[in-house]
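Comments concern the structure below.
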Amino acid sequence: MQGLVEINGERVQLRYVMRTRAEKEALQAYLTPGTVCRILGTLERPQSASNPYAFDYRRYLRFQRVHWLFLPESVDRSVCARARPTVAERLLSLREAGVRRIEAHLPPEAAGIAAALIYGERRQLDEEVLAGYQQLGLIHLLAISGGHVTLLVSAAFALAIRFMTREVAVLALLVLLPVYAVLAGASPSVLRACATGMIVLAVAWKKGAIHPLDALSWTALVLLVFDPYMVWDVGFQLSFVVTFALLVHFPALSAVRSLGGRLLQTALVAQLAALPLLLYHFYEISVWSVVLNVLFVPLYSWILLPLALLVAAVPFAPFVWLFCRLVVFTNAIVRFFSTDHGLTLVLGRPSPWGLALCVAAVVAAFLLWERGRLQRGLAAVAAALAVQFAAPYMNANGEVTVLDVGQGDCTVIELPGRKAVYLLDTGGTLDIAREPWRKRARPFSVGRDVVVPFLKAKGIRTIDKLILTHDDADHIGAAPDVLRAVRVKEIVTSPHALPTVRQMARPFSVPVAAASRGQRWQEGGAAFAILHPEAGNREDNNGSLVLFARLGGLTWLFAADIEKEAEQDLVRAYPHLRADVLKVAHHGSATSTTEPFLRTVKPRVALISVGRHNRYGHPAREVLVRLKQQGAIIWRTDQNGAIRYVYSEKSGTFQPMKP
């Protein structure tokens with residue numbers, strides 16, 4: 001259970017883990033906006049991002065003026081009282097009641113779409129469908145924005161003037177729009193649409209006129225005065241930038257006579273305007289976006305939204321059936337174009353210069369479009385995207401990144417000039433059987449939430465080798481997510497893990513091979529060798545792959561999960577083995593990184609991939625002592641976050657996320 005609460009006038013984020021199903025149901029029924037409780041707990045600083053390009057929870061809360069997490073010891077209803085709710089709290093209660101009414105009368109798939117369209121609530125939306133809408137550039141349809149508000153205001157006004165004067169109808173809408181903004185979730189797009197509508201209505205009430213751009217500008221000023229942090233919200237940025245572009249380009253759009261042509265050009269304007277922001281925040285664009293917007297915008301605006309309002313108000317069986325059929329149809333289209341036949345360009349996050357070039361190309365495209373030279377404008381944008389596409393191949397630096405995947409392993413090796421990309425393990429979330437009431441609506445996924453965003457942000461579209469050291473879940477659990485998102489040329493694994501990995505990779509048609517001691521390859525000035533296991537080794541941890549590499553002026557030893565016996569085998573086979581950087585085995589377990597092994601390898605830097613507050617007690621104290629006695633600099637993902645080594649031909653620099 002989580003939510004914003006107040007302690008002595010300061011807002012903090014409450015987070016509480018419920019212990020029983022009965023407790024969950026009781027709290028869900030009892031706790032409503034405005035409830036006052038006396039609760040003991042501790043304050044904790046929110047975690048900042050521990051991986052490059054990852055979601056920064058501390059920054060997110062700071063922009064809501066929240067600086068602490070409040071962790072209660074327990075929540076006892078006997079010390080709670082329902083105070084007289086404020087107007088805003090009453091509206092929030094009405095909103096929750098409305099969402100629950102929809103969930104009670106519609107199946108989950110349809111309920112998620114209806115709640116998103118009416119109340120801006122997406123908790124029932126299927127994760128795959130939501131990701132598909134975002135990937136295809138259709139997510140704006142599930143966010144209440146100008147189109148929704150315009151339709152609702154127009155319908156309400158047309159109905160109201162049948163019973164009252166025009167002035168009274170306008171005044172009533174001025175009062176009701178702030179109410180609707182709260183009921184709809186008060187997201188930046190909702191606030192922008194409602195505030196702009198109120199400004200236009202207020203001017204009309206005084207029998208005046210205001211240019212739409214002036215109304216949009218006043219709206220931006222009012223919202224930013226109210227909350228300056230809103231400028232960093234992605235929804236705020238996209239809402240204002242796209243609306244501004246549509247208003248500026250409106251004369252050219254209105255000159256198009258055919259409805260299909262106008263829809264196509266409107267979708268193209270929105271896509272062009274949003275392009276720099278989409279690349280910066282989401283790293284990719286869908287080729288299908290413009291065409292699908294032409295189909296979905298009228299379908300949602302003229303059919304699904306009115307029908308959603310109708311079934312929410314009157315859940316008449318034929319209307320519910322029709323709405324559900326339409327939702328199933330649209331979701332099937334989304335899955336078809338996002339999952340089954342996705343055509344997405346992963347371009348990575350632009351550098352400041354790349355972002356400036358992209359913005360300049362978009363502006364040039366609009367100016368050329370105004371002069372009737374749309375093809376030249378689109379060519380300018382295509383050229384900017386081509387530069388962004390080629391940027392990694394012109395980068396003279398390489399990079400080794402040990403990602404913070406919690407209690408697991410995942411290392412990305414990128415050679416200079418993008419000569420090759422190797423992914424050494426993927427991390428993974430241990431799948432623990434839970435009772436239904438304990439399952440999260442959106443459980444954390446290492447692959448979806450950490451590894452894949454990092455790869456896409458780097459513009460990595462192809463992995464030359466996916467090296468899976470062995471088949472433990474904390475090393476290969478996220479591999480399916482990676483295989484779905486990125487093209488993998490081949491998978492290399494240990495002899496013991498070969499059957500498991502082959503079965504996992506079969507749906508993706510990726511070749512899988514077992515590797516053993518003696519295999520070597522070179523690429524882009526770097527050299528790699530498999531030092532362990534020997535052919536025929538069928539052990540689990542002690543049979544995992546050990547990779548040796550020479551790159552960036554250093555020698556590296558990635559020790560996977562080997563233990564004492566495998567370390568002894570390595571020392572016997574390679575008595576003169578040395579490594580500047582040791583990727584410590586088995587997350588710092590006491591069964592690995594023995595003193596004889598360290599005396600042979602003599603690492604100067606030790607990298608430990610380990611989860612915060614893990615139940616195994618990793619890294620073991622004796623391992624840390626042995627590494628310090630060896631004189632190694634120790635970097636840990638639980639304390640330092642991701643650890644990056646950025647290098648040129650013969651030298652480089654370590655850059656931990658949290659020094």
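These values consider heavy atoms only, across backbone and side chains, with no hydrogens, waters or symmetry-generated copies. As the structure is a prediction and not an experimental result, all values here were calculated from the model.
Side chains of F70 and L43 form a contact here, defined as non-hydrogen atoms less than 4.5 Å apart. Counting only heavy atoms from C-beta outward, the side chains of V149 and L177 approach each other to under 4.5 Å. The shortest side-chain heavy-atom distance between L69 and L61 falls under the 4.5 Å cut-off. Residues E435 and R21 form no side-chain contact, since every pair of their non-hydrogen atoms from C-beta on lies 4.5 Å or further apart. Proximity of I285 to T344: side-chain heavy atoms (C-beta onward) are nowhere separated by under 4.5 Å. By the 4.5 Å heavy-atom criterion applied to side chains, L130 and R122 are counted as neighbours. F240 is not listed as a side-chain neighbour of F244, based on a closest heavy-atom distance of 4.5 Å or more. With a 4.5 Å cut-off on side-chain heavy atoms, V168 and I161 do not count as touching.
The aromatic rings of Y57 and Y60 lie parallel to each other, with less than 30° between the two planes, well short of the 60° mark.
Within 6.0 Å of CD in E96 there are more than 12 heavy atoms belonging to other residues, nucleotides or ligands. Dense packing is recorded around CZ of F55, with more than 12 heavy atoms of other residues, nucleotides or ligands lying under 6.0 Å away. More than 12 heavy atoms of other residues, nucleotides or ligands sit less than 6.0 Å from atom CZ of R123. Within 6.0 Å of the OH atom in Y30, the count of heavy atoms belonging to other residues, nucleotides or ligands exceeds 12. Within a 6.0 Å radius of CH2 in W288, no more than 12 heavy atoms belonging to other residues, nucleotides or ligands are found. Within a 6.0 Å sphere centred on CZ of F319, other residues, nucleotides and ligands contribute 12 heavy atoms or fewer. Within 6.0 Å of CH2 on W68 lie more than 12 heavy atoms contributed by other residues, nucleotides or ligands.
Of the candidates L117, L152, V314, L309 forms a side-chain contact (heavy atoms from CB on, under 4.5 Å) with just one, namely L152. Each of L347, L357, L355 was evaluated against Q388; a single residue qualifies, L347, per the side-chain contact (heavy atoms from CB on, under 4.5 Å) test.
Under the 3.5 Å distance criterion, with hydrogens and angles disregarded, no donor-acceptor pair is assigned to the side chains of H249 and Q265. Side-chain polar atoms of R192 and S239 form a donor-acceptor pair below 3.5 angstrom. Looking only at atom types and distance, the side chain of N331 has a donor-acceptor partner in the side chain of E109 under 3.5 Å away.
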Open item on the list: Under the criterion side-chain hydrogen bond (donor to acceptor under 3.5 Å, both in side chains), I'd like the reasoning laid out for Y133 against E128: C-alpha separation, chi angles, the key distance, then a yes or no.
Closed with: CA-CA 9 Å; Y133 272 87; E128 182 186 354; over 6 Å; no

TODO: List the steps, then state whether side-chain contact (heavy atoms from CB on, under 4.5 Å) holds for M1 with L31.
DONE: CA-CA 11 Å; M1 179 179 69; L31 294 183; 3.7 Å; yes

Task: side-chain hydrogen bond (donor to acceptor under 3.5 Å, both in side chains) between Q271 and S289, worked out - done: CA-CA 8 Å; Q271 187 70 15; S289 181; 2.9 Å; yes

Task: Stepwise side-chain hydrogen bond (donor to acceptor under 3.5 Å, both in side chains) test for E10 and H67 - done: CA-CA 9 Å; E10 180 179 356; H67 305 285; 5.9 Å; no

Task: Chi angles and distances behind the side-chain contact (heavy atoms from CB on, under 4.5 Å) call for V66, R62 - done: CA-CA 5 Å; V66 175; R62 186 173 75 247; over 6 Å; no

TODO: Take Y16 and R19 through the side-chain hydrogen bond (donor to acceptor under 3.5 Å, both in side chains) test and state the conclusion after the steps.
DONE: CA-CA 9 Å; Y16 175 64; R19 295 172 176 81; 2.7 Å; yes

Open item on the list: Set out, in order, the CA-CA distance, both residues' side-chain angles and the distance that settles side-chain contact (heavy atoms from CB on, under 4.5 Å) for L292 and V334, then state yes or no.
Closed with: CA-CA 9 Å; L292 288 178; V334 168; over 6 Å; no

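In terms of heavy-atom proximity, A110 sits nearest to V327 at CA-CG1, 4.0 Å. Residues P298 and L263 share a closest heavy-atom pair of CG-CD1, 4.0 Å. What you find for C358 and L279 is that their closest heavy atoms are SG-CD1, 4.2 Å. A116 and L125 make their closest contact through CB-CD1, 4.3 Å (heavy atoms, listed as atom of the first residue, atom of the second, distance). Shortest non-hydrogen contact noted between C324 and L106 is SG-CD2, 4.4 Å. The shortest non-hydrogen separation linking P306 to Y300 is CD-O, 4.1 Å.
Panel note: side chain D126, backbone V129; a donor-acceptor pair is recorded below 3.5 Å. In this structure, the side chain of R58 engages the main chain of P46 through a donor-acceptor pair within 3.5 Å. Remark: side-chain polar atoms of R376 are not paired, donor with acceptor, to backbone N or O of A365 under 3.5 angstrom. The closest donor-acceptor contact from the side chain of R101 to the backbone of A313 lies under 3.5 Å. Although no hydrogens or angles enter the test, the distance criterion places no donor-acceptor pair under 3.5 Å between the side chain of E370 and the main chain of L367. Listed for the Q135 side chain is a donor-acceptor partner under 3.5 Å among the backbone atoms of S338. Under the 3.5 Å distance criterion, the side-chain polar atoms of K24 are left unmatched by any main-chain donor or acceptor of M18.
A salt bridge does not link E121 to R100: none of the charged nitrogens lies less than 4.0 Å from a carboxylate oxygen. Ion pairing between E284 and K456 holds under the 4.0 Å rule for side-chain N and carboxylate O.
For A361, the side chain to side chain contact (heavy atoms under 4.5 Å, CB included) partners two or more places apart in sequence, or in a different chain, are V381, A384.
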In a table with atom names and distances, give each donor-acceptor pair under 3.5 Å that connects a side chain of residues 220-234 to protein atoms at least two apart or in another chain.
unit_1: D227; atom_1: OD1; unit_2: R65; atom_2: NH1; d: 3.0
unit_1: D227; atom_1: OD1; unit_2: Y229; atom_2: N; d: 3.2
unit_1: D233; atom_1: OD1; unit_2: G235; atom_2: N; d: 2.8
unit_1: D233; atom_1: OD1; unit_2: F236; atom_2: N; d: 3.1

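For the pair R349 and Y280, the cation-pi test (distance below 6.0 Å, angle within 45°) is passed.
Atom CG of L299 and atom CG of L141 lie 9.0 Å apart (nearest 0.5 Å).
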